[in-house]
Amino acid sequence: MSETETQSRAAMPHILGMPRWLAFSLLTIAVWGAWGAVSKVASEGIDADTNQVFFTFGLLPLIAIVWRSPRNKTGGEGRRIGIGWAFLTGILGGTGNIAFFRALVLGGKASIVSPVTALFPLVTVILAVTLLHERVGTAQKFGLVLALVAIYLLSM
């Protein structure tokens, strides 16, 4: 993404007085939080692989909505590369989902499995620093350490 695109996105209108990225981040927390609890209920009736299949079916209405987006009409080499990376994202996400569902099927409590697996941003940070050459400040490093401590305390 170019610097101009980044600046124009930063200038977008706010949602409920907060930056759009923060509003969508908070929505993600709420939806994924509910997803973790619902996943435990589903895991009591079906195995992890079947859970993933029906999880994928649940994405179909969202795929139909997104596919009709006007932004989906543009093409080009960048789009093809992006689709490839998005496909890999789906494979990685689906594999993670199966592992998550399996943890629940094997008796893990949703109140423990969800926060423990929520440590995935540590992997993202490591990859972002090493592969994307992003920088992590002292406050962010401290936050990551606190996250590890919180997960440890939750899992006791």
Side-chain angles (χ1 to χ4, degrees), residues 1-43 48-49 51-52 55-56 58-59 62-63 65-66 69 71-72 74 76-156:
M1 181 180 317
S2 72
E3 188 174 332
T4 306
E5 288 174 316
T6 302
Q7 289 172 349
S8 67
R9 285 190 181 188
M12 288 183 164
H14 286 49
I15 298 174
L16 300 173
M18 64 184 103
R20 291 169 56 98
W21 69 264
L22 180 57
F24 281 103
S25 295
L26 296 174
L27 175 62
T28 301
I29 291 169
V31 173
W32 282 354
W35 171 79
V38 171
S39 294
K40 177 61 179 177
V41 175
S43 74
D49 297 334
N51 200 339
Q52 178 61 34
F55 170 86
T56 302
L59 293 174
L62 298 173
I63 291 169
I65 291 168
V66 171
S69 168
R71 291 184 185 184
N72 220 7
T74 60
E77 181 64 24
R79 178 172 170 71
R80 283 191 291 278
I81 292 169
I83 288 172
W85 283 107
F87 185 75
L88 177 59
T89 300
I91 291 171
L92 293 170
T95 303
N97 286 346
I98 291 170
F100 175 83
F101 297 146
R102 189 145 297 144
L104 293 174
V105 167
L106 294 173
K109 295 180 181 179
S111 60
I112 302 301
V113 172
S114 289
V116 167
T117 58
L119 267 179
F120 75 88
L122 291 174
V123 175
T124 304
V125 170
I126 291 167
L127 292 174
V129 169
T130 58
L131 300 178
L132 303 176
H133 308 293
E134 294 183 4
R135 295 177 188 227
V136 179
T138 303
Q140 289 82 18
K141 289 176 187 174
F142 185 65
L144 291 170
V145 169
L146 289 177
L148 286 170
V149 170
I151 297 304
Y152 172 74
L153 292 174
L154 277 170
S155 66
M156 293 178 77

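Here the structure is a predicted model, which is why all the values come from computation and not from measurement.
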**Asked** With side chains defined as the heavy atoms from C-beta onward, is the minimum distance between Q52 and T56 less than 4.5 Å?
**Response** yes
**Prompt:** Between L59 and L62, is any pair of side-chain heavy atoms under 4.5 Å apart?
**Reply:** yes
I need the [X] [atom1] to [Y] [atom2] distance, nearest 0.5 Å.
{"X": "Q140", "Y": "L144", "atom1": "CD", "atom2": "CG", "result": "8.0 Å"}
{"X": "N97", "Y": "F101", "atom1": "CG", "atom2": "CZ", "result": "5.0 Å"}
{"X": "I112", "Y": "K40", "atom1": "CD1", "atom2": "NZ", "result": "11.5 Å"}
{"X": "L26", "Y": "W21", "atom1": "CG", "atom2": "CH2", "result": "8.5 Å"}
{"X": "T89", "Y": "I83", "atom1": "OG1", "atom2": "CD1", "result": "12.0 Å"}
{"X": "F100", "Y": "T95", "atom1": "CZ", "atom2": "OG1", "result": "15.0 Å"}

Would you name the heavy atoms of [X] and [Y] that are closest together and state the gap between them?
{"X": "N51", "Y": "S39", "answer": "ND2-O, 3.9 Å"}
{"X": "T130", "Y": "H133", "answer": "O-CE1, 3.7 Å"}
{"X": "G36", "Y": "L104", "answer": "O-CD1, 4.5 Å"}
{"X": "K141", "Y": "V136", "answer": "CE-O, 3.5 Å"}

**Prompt:** What do you reckon, is CG of L16 surrounded by more than 12 foreign heavy atoms closer than 6.0 Å?
**Reply:** no
**Message:** Around atom CH2 of W32, are there more than 12 heavy atoms from other residues, nucleotides or ligands closer than 6.0 Å?
**Reply:** no
Please table the atom pairs, donor to acceptor, closer than 3.5 Å between any side-chain atom in residues 115-127 and protein atoms at least two apart or in another chain.
from	atom 1	to	atom 2	distance (Å)
T117	OG1	V113	O	2.9
T117	OG1	S114	O	3.1

**Request:** Please step through side chain to side chain contact (heavy atoms under 4.5 Å, CB included) for the pair F87 and I91, ending with a clear verdict.
**Result:** CA-CA 6 Å; F87 185 75; I91 291 171; 3.4 Å; yes
